[in-house]
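Chain letters run A, B, ... following the sequence lines, proteins first, then strands; residues in each count from 1.
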2 protein chains.
Amino acid sequence: MAVTLKDIAEEAGVSLMTVSNVVNGKTARVSPATIERVRGIVDRRGYVANASARSLAASRSRTVGVLVPVAEGDMLTMSPHHVAVIGGMERQLRQAGYHVLLRGITEPAEVGEAVREWGLDGAVLLGFLDAEIDALPAEGGPLLAIDSYSLNPRATGVRSDDFGGGGLAARHLLEHGHRRLLFAGPAFGDSGVVRRRHDGFRAAVDAVTDATAEVVAVNTTYEDGLALGRALRAEHPAVTAVFATADVLAVGIMAGLLDAGASVPGEVSVVGFDDLDLGQFVRPRLTTVAQDLAEKVAVATRMLLGEIDGEAAPDEVELGVRLVTRESVAVPRAADSEAGPDSAPTGASR
Amino acid sequence: MAVTLKDIAEEAGVSLMTVSNVVNGKTARVSPATIERVRGIVDRRGYVANASARSLAASRSRTVGVLVPVAEGDMLTMSPHHVAVIGGMERQLRQAGYHVLLRGITEPAEVGEAVREWGLDGAVLLGFLDAEIDALPAEGGPLLAIDSYSLNPRATGVRSDDFGGGGLAARHLLEHGHRRLLFAGPAFGDSGVVRRRHDGFRAAVDAVTDATAEVVAVNTTYEDGLALGRALRAEHPAVTAVFATADVLAVGIMAGLLDAGASVPGEVSVVGFDDLDLGQFVRPRLTTVAQDLAEKVAVATRMLLGEIDGEAAPDEVELGVRLVTRESVAVPRAADSEAGPDSAPTGASR
DNA sequence: CTGAAAGCGCTTACAG
DNA sequence: CTGAAAGCGCTTACAG
């Protein structure tokens, strides 16, 4: 079998717990000579501590769960944005000596089970509904919920400034002279990411007297966007600009518009949200609201690790957002001729 | 603390190991009455076995590692294809009672460390170079390498019929009348995925007397494709069709071609490989070689689990591939006028 | 059908 | 600066 602490101890002629101490860097209580000798043997023999034994004895697993909701019997899926968050967190956790357990969650009770089963020091919640997080028991290890507005005190939510992002999108469109706007995103209730994006969008529209915005509920998929785009001019003839709450959706809408013979951004402008690579792959390139992924990852990891170490964490952290201007927004044709130069863009979009 | 086997045993008035037996379904050796009583208590108290204790005692972790190479200090990244493979395998492993540990690997020695540290029952290698897998020590738990041609007997490679896929792409183009083809993909050596795709492509081209194919080495990124597409007509004026070894690359090439004023597929046809969603998001929609992802996942999981249970596994498994015909391939203009109807597509491309 | 014992490889107090 | 003891929560033979 693999080499154990005992093997090292025997070879070094010291006790098992002295080896444990040097392996764990509790170097203050061991003589330099012993440290060096033990380290040499550890390296030579290729000793690696058994994580199970360590967790069991220390009742600390140095493991963090990445929990993702899945429909019963379905496969685990992750958006490109979530994949990037996981990838970034894995690196930081690894460098901090933590491990990552990836697990699909079929029903809420499973998050508690997963935590107890592995003695998880903490967990990251990816893609859960706020209501699901609210319903989680308040006791247990620290939880970090990405993009959540949940009020559960156990979960600290790390998310972007969705309200601000919605406002950014709306103002960019309004500054270009658009007055009949459409907000396209999944149905929303009283809270949550989509609600916030909508409210920010709405507030900016309401600030301009002759501007109005309609809302249409669609699932966040390319196909739903495509269908909406194709029917857009027929069903919403006055609309000249669309804000979609996700890039995939926006890309679908653009494709649908193009399919139906409408030019983008000539006749209809489109703004997305997320700044996925995808937005640069399509033509016209998508103007979108970008989140600072690196910062999100850094903050999320720091929060979680801090909480594991007993620090108090804020209930939520909101990250900045910015507009990435590409090619999918232009001055509307109607405004172009009717309203004259006054409604042309007024410069920087803020 | 959490409820343990001992708590359940005391409440049920039986020994600890009887509880262990019913929890683990070793029901043959326990009376029905006891089983039912113990199960009731387990459910009521919400008992969940401690995975660390279990691994330690059984020297079997019921955990599989998903290992992904990362550059030192870099974040872990996964292609959409890899993400789908992981997602699919996670589900099957979960249903089989296994857990998934996700880990970035900076240098080859870390795979052995990871396996020993967690007593991993097996591991999935995602995105490793064949040479890296070849260099892994042959002893240790079973390894499953996705898309690998490694000869290491410890690793069973599950991959698509890359040679066949290359042939499919070439024949589709040849049947449309193309005679000056270009193979675009990362630089390749004597083996590996790209080599095989090239060889299959080449063999099909060589089977047509007046057809020739050039090879150009590019990284598998949208940006590299874009640059190649923009320069294509200037640098390869005779080429009328391109086969790219990955969809992202193909999409970049199409965009570059369009940027440079070349029509796709009017002047240049393009075929990709992978069948990512992305291919349907762009215009023209990408014709590409598709892998059967569901089958790949099912086979990979079955192989790995089988090997963990001591079954012998083949050294490699090759999965079928098929052509998905969309809009990026057409009869070349030159062939259109010069060669006449004879070189038009000859029907279904298999 | 059921149980007492030993042990998996480590860490945590506590002594010296 | 170093070590002997107890114990983390489970499973594995082995008895009865």
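The pair A:E90-B:R103 does not meet the salt-bridge criterion, since no charged nitrogen lies less than 4.0 angstrom from a carboxylate oxygen. Between A:E139 and A:R154, none of the side-chain N atoms (NZ, or NE/NH1/NH2) sits under 4.0 Å from a carboxylate O, so this pair counts as no salt bridge.
Close to C:dT12, at under 4.0 Å from its OP1 or OP2, lies a side-chain N or O of A:K26. Contact annotation: B:S20 side-chain N/O to D:dT11 OP1/OP2 distance is under 4.0 Å.
Nucleic acid contact for A:N24: sugar-phosphate only, since backbone atoms but no base atoms lie under 4.0 Å from a heavy atom of the residue. Residue contacts shown for A:T34 are limited to sugar-phosphate atoms, with no base heavy atom under 4.0 Å away.
A donor-acceptor contact shorter than 3.5 Å is absent between the side chain of A:S160 and the backbone of A:D162.
Applying the 6.0 Å contact sphere to CD of A:E36 captures no more than 12 heavy atoms from other residues, nucleotides or ligands.
In the set C:dG3, C:dC10, C:dC8, C:dG3 carries the atom at the smallest distance from any side-chain atom of B:S15. Side-chain proximity of B:M17 to the nucleotides C:dT11, C:dC10, D:dT12 is greatest for D:dT12. Listed nucleotides D:dC1, D:dC10, C:dC1 differ in distance to A:S31; the shortest reach to its side chain belongs to D:dC1. Looking at the side chain of B:T18, the nearest of the listed nucleotides D:dG7, D:dT11, C:dG3 is C:dG3. Side-chain proximity of B:L56 to the nucleotides C:dG9, C:dA4, C:dA13 is greatest for C:dG9. Among the nucleotides C:dT2, C:dT11, C:dC8, the one closest to any side-chain atom of A:A58 is C:dT11.
The interatomic distance linking B:N50 (CG) with C:dG9 (P) rounds to 16 Å, in whole Å. For A:I35 and D:dT2, the CD1 to C1' distance is 12 Å, given to the nearest whole Å. As rounded to whole Å, 21 Å separates atom P of C:dC10 from atom CZ of B:R54. Distance A:L5 CG to C:dG7 P: 18 Å, rounded to the nearest Å. Taking atom CG on B:L16 and atom P on D:dG9, their separation rounds to 11 Å, with Å as the unit. Between the CG atom of A:N21 and the P atom of D:dA4 there is a distance of 14 Å, given to the nearest Å. Rounded to an integer number of Å, the gap from CG of A:D7 to C1' of C:dC8 is 13 Å. Regarding A:R116, its CZ atom lies at a distance of 16 Å from the C1' atom of D:dC10, rounded to whole Å.
Across all non-hydrogen atoms, the minimal contact from B:L5 to B:Y47 is CD1-OH, 3.2 Å. A:T4 and A:D7 make their closest contact through N-OD2, 2.8 Å (heavy atoms, listed as atom of the first residue, atom of the second, distance).
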Could you spell out the base pairing of DNA chain C as a dot-bracket line? Use Watson-Crick and G-U wobble contacts where both distances are under 3.5 Å, [ ] for crossing pairs, | for partners on a different strand.
|||.||||||||.|||
Anything under 3.5 Å between a donor and an acceptor, one on a side chain of residues 70-85 of chain B, the other on a protein residue two or more places apart or in another chain? List them.
residue	atom	partner	partner atom	Å
B:S79	OG	B:H81	N	3.4
B:S79	OG	B:H82	N	3.1
B:H81	NE2	B:K296	NZ	3.4

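With P as the reference atom, D:dC1 and C:dA13 are 22 Å apart, rounded to whole Å. For the C1' atom pair drawn from D:dG3 and C:dT11, the interatomic distance equals 14 Å after rounding to whole Å.
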Start with the C-alpha distance between B:M303 and B:L144, add both sets of side-chain angles, then the distance that settles side chain to side chain contact (heavy atoms under 4.5 Å, CB included), and finish with yes or no.
CA-CA 8 Å; B:M303 291 286 110; B:L144 195 134; 3.7 Å; yes
